[in-house]
Amino acid sequence: AQSVTQLGSHVSVSEGALVLLRCNYSSSVPPYLFWYVQYPNQGLQLLLKYTSAATLVKGINGFEAEFKKSETSFHLTKPSAHMSDAAEYFCAASPGAGSARQLTFGSGTQLTVLP
Amino acid sequence: DAGVIQSPRHEVTEMGQEVTLRCKPISGHDYLFWYRQTMMRGLELLIYFNNNVPIDDSGMPEDRFSAKMPNASFSTLKIQPSEPRDSAVYFCASCSGTAYTFGSGTRLTVV
């Protein structure tokens, strides 16, 4: 069974500062990995995904994430935070092979951007 | 494509009543998922279908919950009878390959 752990349920950064949201996975096989963003009272929007191609993945809104197999990590970064980045962020994993497709989510990280 | 469409967006019902949530997946997607989101438990997978066939329903909390997918363009999640602890946001999602799309969710409040 796979699991996803997000370190830090709340992260605060100043506008213009680096954003780093941490995600570690536990899986018997290399999974596919995803980052989603959720704004208040809205659904989940895909930021980026890793599907065993390039280990550095670039997504929307200036976000990127790097898959590190040795560290079983997939941390999300953005060089310069914007006020509009304030939201909840979820890391998720799905089985990397076979017919199973279910996403397992981390517990989420609430990002606050301070002016 | 209009995306994954869920209805209703909000549902308030009294304890003991039957509740039916509806989902229309993206055309051509062969997987459909139902998730529940609460503050305490986060995002939990309830059940998922592949080509309209239920594959894993181990996340369905109790026999009060049931889900069906009668055809490729429609699924329902039913709670009967509903209880206050069922209050949550219920998301439907569909996928083809690794392209997942989530609906806007149904916010259920059971009073």
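All heavy atoms count here, side chains included; hydrogens, waters and symmetry mates do not. Per chain, numbering begins at 1; letters A, B, ... match sequence-line order.
- With hydrogens and angles disregarded, a donor-acceptor distance shorter than 3.5 Å links the side chain of Ser75(B) to the backbone of Lys68(B).
- Trp35(A) contributes a side-chain N or O that, together with a main-chain N or O of Phe74(A), makes up a donor-acceptor pair within less than 3.5 Å.
- Interface summary for chain B: among Phe90(A), Tyr36(A), Phe34(A), Phe105(A), the most heavy-atom pairs under 4.5 angstrom belong to Phe105(A).
- Contact of Leu44(A) with chain B is made through backbone and side chain together, with heavy-atom distances under 4.5 Å.
- Interface remark: Tyr35(B) contributes side-chain atoms only to the contact with chain A (heavy atom separation under 4.5 Å).
- For the pair Leu21(A) and Thr109(A), the tightest heavy-atom approach, listed with the atom from each and the gap, is CD2-CG2, 3.8 Å.
- Gln80(B) places no side-chain N or O within 3.5 Å of a backbone atom of Ser66(B) that could act as its donor or acceptor partner.
- Within the 4.5 angstrom heavy-atom criterion, no atom of Arg41(B) approaches chain A.
- Between chain A and the residues Phe91(B), Phe33(B), Tyr100(B), the most heavy-atom pairs under 4.5 angstrom are made by Tyr100(B).
- Looking at every heavy atom in both residues, Ala87(A) comes nearest to Val37(A) through CB-CG2, 3.5 Å.
- Contacts between Leu45(B) and chain A at a heavy-atom distance below 4.5 Å involve the side chain alone, from C-beta outward.
- Distance alone, capped at 3.5 Å, is enough to place a donor-acceptor pair between the Gln6(B) side chain and the Gly105(B) backbone.
- If you measure heavy-atom distances from Gln37(B) to chain A, the contacts under 4.5 Å come from the side chain alone.
- Within the 4.5 angstrom heavy-atom criterion, no atom of Gln6(A) approaches chain B.
- There is no contact between Ser107(A) and chain B, counting heavy-atom distances below 4.5 Å.
- For Gln102(A), the parts sitting under 4.5 Å from any heavy atom of chain B are the backbone and the side chain alike.
- Checked by atom type and distance alone, the side chain of Asn61(A) never pairs as donor or acceptor with a backbone atom of Phe63(A) at under 3.5 Å.
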